[in-house]
Each structure stands twice: as C-alpha cells, then as structure tokens.
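In each ligand, atom 1 is the first atom listed, and ligand 1 is the first ligand listed.
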Amino acid sequence: MSKGFFISCAIDYPNAKLHMGHLYEKTIADAIARVHRLNGEKVLFTVGSDEHGEKVEKAAKAAGYSTTQYIDNMAMQFGGLFDQALISYDRFIRTNEPDHVKAAQAFFQAMFDADDIYPDLYEGWYCVSDETFWTEKDTILKDDGKRYCPNTHCGKLVERVKEESYFFKWSNFQKPLEEWYAKNPSNVFPDFRKNEMENFMKNGLHDISFSRKSIQWGIQVPFNPEHTIYVWGDALVNYLTVCGYPGKYSDFWPADIHVVGHDINRFHSLLWPAMLLSAKVPLPKQILVHGFINDENGEKMSKSKGNVVDPAIILQKFGIEPIRYYLLREVPLGNDLAFAEKNLIERNNSELADGLGNLVYRVLSMLEKYCNGVVPKVKLDAQILGQSSVSAQEAYKLYLSHDLQNALIQTWKVVNVGNKAIADSEPWKKMKEGKRDEVEVLLATEVELLRQLSILIQPVLPLASQSICDQFHFPKPQFSHLSTSHVPSAHAVKKGSVLFVKRDLPLVEEK
Ligand code: MSP
C-alpha cells in the first residue's frame, strides 16, 4: 500500500496567546492537506503545542498556575482557535503526552547509540525566548553592556549558562547534509530560504549542547535523569511521535511537508535532518518555509508596540472564510504579508461577495424564477465550458504543486467566466423575447461551472463549498470529478442564505 501524505505544522509554544502569524501557518497547511484529501489520498495533518523548557515554565509561574494546569489550559485554547478557523488537523500533539516522552527518549537513545551524543561542559549564552544557544560572537552587545539575541525576530536579553551537558555531533553531518541539499532541489522551499541554509552550512556546523542540567521541566535523558533533553531535541521528534515512532512509523513517514516560519528554518532544515541521519530515519521530503505576518505597515508584530493582530477579534468581525481567502490569496507562499483589514475587506467585497457569492445567488434566483427551481436537462454551452475548463484544469495543477495563490487566481477566472456569460447574454431580456431555450442552456451551463467551483474552492473555503453543494445538491467534492459532469440531470435546487456579506471599508482619517 502506498504511503499516506503527511503534512505537519510547527508546534506552538504555549507561553502566550496565538496571533495571526500562527494562524497563517496553520491555514496554509490546512489548505494543502485538503488538496490532498480532495485528490483521494490518505492524509495525516498535525498541529500541536511545544510544552517543555524554560520559556513555558516561566510563563506558567508568571500566570500563577502549576505548569501542568497552565499547559492544559493553553492546549485547550489553541485547539479551540484551530477548530474555529476550520483547521482540519488529524492530531493535536502535545509534547507532554506519554507517547511523545517515549518517542523523544528512544530517539535520544538512538543518537547516543550511534555515538553522536557525548558529555561535555557548555559555557556560553542562551536565549530563553528562542530556546537557542548562542556563542558570544553571535550575540549583540549593546551600549548597556548587556548581550542580546541576534535573531531579528527576537532580540531579547540572553543569559549566561555554564553547565554539564550532553552534546550532539552536528559537525558529523556536514557532508551528508551538503549531499542531501545537492541531490534534492526542493528539499527547502522557496529557493531563497534554501540558499540561506546552504550559506549557513558554509561556515561549518558545530556540535550543539543537547541537554540541560539546570532545567527540570523537560523530558529526562534516558540514561541520565539528572539531565533533561534540550527542548528542540524533544520538540522536533513530535513529527515522528505522530507517525508511531519508535514502533512502526512508515505509514506516513517520511513527512511530505513540514510547514514552518523562517525564524525556525535552521532547526528544521539543518538540525532535524542531522538528527534523523544519526538515528537512521529517512529524511523529510520538504521543509516549506512561509513568510511572516506583519502589521499593516509591514512592521513586526510585538506586544510592546501594541500592533499584534489577534485572530479572535478578526474572526468575530469577518467570519473565518474571508480571512482564509485573504491570507492565501494576498501573497505567494514564502513572502511576508502586511496584514491590513482594508485589503481583507476589499477582497471580501469584490472577489467573494460580488464575485462568487453573486454568481451563486443569481443562478439560483434565475433557476427559481424561470425554471421552477429545477436545473434544465439540456446540452451545455461548449464555448463557455471551453473557456472555464482551461482555468479549472490549471487551478487543479497549481493546487497539486501547492501554489495556492495562483490556484485561487485561476479559480476566480472560472467565477469571472460565469458572471460575464450572464452579463453578456442578459437572460432577463431573453425571457421577455421568448428565448427560453437559450436561457435554459445558459443556466444549466452555469450550474456545471458552479459544480466545478464547489470542488476548486474547497481547500480554502470549505464552508462556502459545502453551502454550494447543499443548495445545488452536488455530490461531495473530489478532484476526480472535476472534468466529468456529475450533476444529476433535472435536479431541483434550493436557495439558502447568501455566502458572503459585504463589509464597509474603515474610514480614512484626515491628516
Ligand atoms: N515551538 C517552536 C516550534 C517547534 S516545531 C518542532 C516555535 N513555536 S512558536 O510558537 O514560536 O512559533 C510557531 C510557528 O509560528 C513557527 O513556525 C513560527 O515561525 C510561526 N510564527 C510566529 N510568528 C509568526 C508571524 N508573525 N508570522 C508568521 N508565522 C510566524 O517556534
């Protein structure tokens, strides 16, 4: 039996509420997971929470809860948001679960057995916020005499650490990683992110501290309970836990895609593959590195600036589907996105409400008015179908290559063909002129376009797709039905509520 399609998201730190950036990542992965389900594949799609380490322990203390109470509550909140956002995950993995503890320990043991883990003394700097070790020359020394994290997305104060530690021989894997990069052109997507990793490798990979003696909130090193496994050495293994490691894990492994933000690309594209090579586990096929969601001026979201986009607020204002559409339509995967409500509203009003929503509404209204709510059983208009099917097929191919933005652009060409055909033929005039036959051909053809659209929009707009299927009694969407008509002939339709509501644009403040 062929291996199922496995797509994972980064597991989020439960030290704070999730923001629009976290939801962006899950939405990308969700759309891709839905594409592969529509394609008839068995899919495993995972999200989760990364619950160990100093950062989470400190956050629990600050919130006044026990660490376990705190992480239980946060995991519930994360899951709640993902459900509301229609993230169709198959598993929400928590690194505090017993099966993950077992997997992380087995994996650490495998690396030790391969002679890639050794005891030494770590002396250097540590960024709690990023859970990253830094050498002194990496850190940024500011005028206040203190050292700060060099990661542009972090920049927080680093702390001095001196303790016994087990190290991972990252340096052992320089050559095999270079080979993996050379032989697999799309192992890291997009190319400019791959180049960044190759440049980093050029400076040489250095062994990395892989356990903490002073941190208790973590998974114990299997052969020395005085140490806990470095939080990244624990978290990355989640991708294997969900596949059944250390038992049989080949139903879904190797992962097809790990979806991550560029701040954690190095952990996924250089450290994780080295760990896998050490433990003799096959490497993932692709690390898909997405851009960041910034505020509307393109600035990094941060609590101190007060510009964090809270998904709960946006969701309440607009409902989830306009947000999903906006996030995936606005920029190519890999680029940063300046989140602006104005742009979201514009897309909602023109492409969703006036475009797709209006098409569905007009076709249903005319079917009710002119055809007693029954789709006429006539030969379809080959010219209209010819125009739309080029775009429909193109959209399908683009979805399969995970180019979500262009897949939506092609899909909306089908919407436009449908709307233009109605505007051009003016069926209301034709009815007055007694040309019912022509109107019937047009409407039946429009129903066929909508049937194709119910499939093509499903990865991004699952609710709208469901609503169209319900109103027209279309079968459950699947890509294999795209080119062959599956409309039951002479079937009745039933108009439901409008798909998308138009919104007012925010008032522009006078300067
Ligand atoms: N816990 C680690 C990941 C471990 S995966 C084995 C972590 N967590 S995080 O909560 O800080 O980030 C989770 C994901 O959200 C990461 O992929 C990160 O890049 C992404 N994002 C965080 N802020 C973001 C934006 N502003 N925009 C888009 N995604 C961003 O890192």
What ring pair (Phe, Tyr, Trp, His ring centres under 6.0 Å) pairs are there with at least one residue in residues 301-338, not counting sequence neighbours?
Tyr325-Trp412, Tyr326-Phe339
Basic-acidic side-chain contact under 4.0 Å: Asp30, Arg324:
yes
For ligand 1, which of its N or O atoms have a protein N or O partner closer than 3.5 Å, and how long is each gap?
| unit_1 | atom_1 | unit_2 | atom_2 | d |
| --- | --- | --- | --- | --- |
| ligand 1 | 1 (N) | Ile11 | O | 2.8 |
| ligand 1 | 1 (N) | Asp50 | OD2 | 2.7 |
| ligand 1 | 10 (O) | Tyr13 | N | 3.1 |
| ligand 1 | 10 (O) | His22 | NE2 | 3.4 |
| ligand 1 | 17 (O) | Glu25 | OE1 | 2.5 |
| ligand 1 | 17 (O) | Gly261 | N | 3.0 |
| ligand 1 | 19 (O) | Gly261 | N | 3.3 |
| ligand 1 | 19 (O) | Asp263 | OD1 | 2.5 |
| ligand 1 | 26 (N) | Ile293 | O | 3.1 |
| ligand 1 | 27 (N) | Ile293 | N | 2.8 |
| ligand 1 | 29 (N) | Gly21 | O | 3.3 |

In terms of relative ring orientation, are Phe173 and Phe168 parallel, tilted or perpendicular, with 30° and 60° separating the classes?
parallel
Write out all pairs satisfying side-chain hydrogen bond (donor to acceptor under 3.5 Å, both in side chains) with one or both partners inside residues 14-23, taking only residues at least two apart or from two chains.
Lys17-Asp310
Below 30° counts as parallel, above 60° as perpendicular, anything between as tilted: where do the rings of Phe200 and Trp170 land?
tilted
Restricting to pairs with a member in residues 43-99, which pass ring pair (Phe, Tyr, Trp, His ring centres under 6.0 Å), not counting sequence neighbours?
His52-Trp217
